[in-house]
Amino acid sequence: MKIPIYQIDAFADKPFEGNSAAVCPLDTWLPDETLQAIAKENNLAETAFFVKEEGIYGLRWFTPKKEVDLCGHATLAAAHALLEGEYRDRTEIVFESKSGILRVLREEDDLALDFPVQRGIRCEAPKTLINGLGFEPSECYWASDYLAVFDASSDVAARSPDFRALAELDLRGVIVTAPGEYEDFVSRFFAPKFGIDEDPITGSAHCTLAPDWADKLGKDIFAATYVSKRTGLLI
C-alpha cells in the first residue's frame with residue numbers, strides 16, 4: 001500500500017520558517033499503531049491524517065510519540081493540501097476531529113483557522129513548572145496546557161527549559177507568553193511529554209492565548225510573534 005505524504009510549512013511566508021507538518025490523505029482509517037509508526041518515521045512535530053467522510057473530512061494528528069486532540073499548524077497544512085489540490089474552487093474546508101468541527105477559510109491568499117476557545121483558569125504555578133522553566137511566571141493558568149505569563153518578551157526568548165522536568169507535568173505542555181515590543185504578544189510552546197521539546201509554532205496554543213490577551217488588552221484582533229528559532233507571525 002502506498003500513502004502520499006506532503007510536507008508543508010504552516011505560519012510561514014518564505015522557505016525554512018514556520019512549522020512543518022506531514023499530511024497523509026487516506027482512503028480509510030488505518031490501525032492506530034500504523035498511524036503512530038508513520039508519525040514516528042516522519043519525525044515532525046505533527047503528522048495529520050484525513051479521510052473523506054460524508055462530505056467532510058475526518059482529521060487526526062500524531063506527534064512522533066502520541067496522538068493529540070488538537071493541532072493548528074497541521075490542520076492548516078491539511079487544508080492547504082486540499083485547497084491546492086482537488087478543491088481549488090472552494091473557500092472553506094470542514095474537518096471533524098476529537099475537538100469537534102474545525103473550519104479553515106480561504107481569505108484571498110491566506111488561510112484562517114476557526115478553532116474553539118480554551119480559556120485558562122488562574123492557578124498557582126506548580127513547582128515542577130517553575131523548576132522546568134527556571135523562572136517563576138508572574139501569572140499562571142491551566143487549560144489544555146499551562147499558560148505561564150511573563151513581564152517582558154526577553155523573558156520568553158531567554159527561556160532554556162529543563163525538558164525532563166516539564167515532561168513530568170500533568171497537562172499536555174506549557175505555553176510561555178509576554179507582551180511584545182512591536183507586536184501585541186510573543187509566545188513559545190514546550191511539550192516534551194508528547195515527544196516535542198519545543199514546537200516551532202503552535203496554532204492550538206492560541207486557543208488559550210487569544211482570550212487571555214483579549215482580556216488583558218481589551219481587543220480581539222492581534223499581531224503575535226512566535227519566538228522560536230524558526231519564528232513566525234500570527235494574526
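Since we're looking at a predicted model, the values are computed, not measured. Each residue takes its place number in the sequence, starting with 1.
In plain terms, the two heavy atoms of A143 and L171 that are nearest each other are O-CD1, 3.7 Å. Of all heavy-atom pairs between T225 and E183, the closest is OG1-OE1, 2.7 Å. Counting all heavy atoms, side chain and backbone alike, S187 lies closest to V156 at C-CG1, 4.1 Å. Heavy atoms only, all atoms of each residue included: F189 and Y226 are closest at N-OH, 2.5 Å.
Clustering ILVMFWY residues whenever any of their side-chain heavy atoms sit less than 4.5 angstrom apart, transitively, puts I38 in the very cluster that holds F62. Linking ILVMFWY residues whenever their side-chain heavy atoms come closer than 4.5 Å, directly or via other members, leaves I56 and L113 in distinct clusters. No chain of hydrophobic side-chain contacts below 4.5 Å, direct or via other Ile, Leu, Val, Met, Phe, Trp or Tyr residues, connects Y182 to F11. If you chain together hydrophobic residues whose side chains sit under 4.5 Å apart, I101 and F95 never meet in one group. Under the 4.5 Å side-chain heavy-atom criterion for Ile, Leu, Val, Met, Phe, Trp and Tyr, L83 and V23 are members of the same hydrophobic cluster.
Side-chain contact check for N19 versus E46: every heavy-atom pair is 4.5 Å or farther apart. Side-chain atoms of T75 and L70, non-hydrogen and from C-beta on, never get closer than 4.5 Å to each other. Side chains of E53 and W29 form a contact here, defined as non-hydrogen atoms less than 4.5 Å apart.
Between the side chains of E168 and T128, not a single donor N or O lies within less than 3.5 Å of an accepting N or O.
In this structure, D145 does not pair ionically with K193, as no charged nitrogen and carboxylate oxygen lie closer than 4.0 Å. Salt bridge annotation for E86-K52: absent, with no cationic side-chain nitrogen under 4.0 angstrom from a carboxylate oxygen. Classification of R172 and D69 as a salt-bridged pair fails, no side-chain N sitting under 4.0 Å from a carboxylate O.
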Please determine whether side-chain contact (heavy atoms from CB on, under 4.5 Å) holds for the pair R119 and D215, giving the CA-CA distance in whole Å, both sets of side-chain angles, and the decisive distance to 0.1 Å. CA-CA 11 Å; R119 184 175 291 276; D215 291 343; 2.6 Å; yes
Residues Y146, C123; criterion side-chain contact (heavy atoms from CB on, under 4.5 Å); working and verdict: CA-CA 9 Å; Y146 284 105; C123 65; 4.3 Å; yes
Before you tell me yes or no, could you show the steps for K216 and E139 under side-chain contact (heavy atoms from CB on, under 4.5 Å), namely the whole-Å CA-CA distance, both residues' side-chain angles and the distance that decides it to 0.1 Å? CA-CA 12 Å; K216 287 179 167 60; E139 300 173 26; 3.0 Å; yes
Apply side-chain contact (heavy atoms from CB on, under 4.5 Å) to the pair L111 and H80, showing each step before the final yes or no. CA-CA 8 Å; L111 299 181; H80 176 81; 4.1 Å; yes
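Other residues, nucleotides and ligands place no more than 12 heavy atoms under 6.0 Å from the CD atom of E41. Around CG of D27, the count of heavy atoms belonging to other residues, nucleotides or ligands within 6.0 Å does not exceed 12.
In this structure, W142 has no ring-ring contact (aromatic ring centres under 6.0 Å, His included) partners at least two apart in sequence or on a different chain.
One finds the CZ atom of F150 at 6.5 Å from the CZ atom of F135 (value rounded to the nearest 0.5 Å). Taking CD of E124 as the start and CG of L129 as the end, the distance is 11.5 Å to the nearest 0.5 Å. Here CZ of R164 is found 14.5 Å from CG of N131. Values are rounded to the nearest 0.5 Å. Rounded to the nearest 0.5 Å, atoms CZ (R90) and CG (L82) are 8.5 Å apart. Taken to the nearest 0.5 Å, the CH2 atom of W61 stands 9.5 Å off from the NZ atom of K98. To the nearest 0.5 angstrom, L76 atom CG is 10.0 Å from I8 atom CD1.
Aromatic ring pairs are classed by plane angle as parallel below 30°, tilted from 30° to 60° and perpendicular above 60°; the pair W213 and F185 is parallel.
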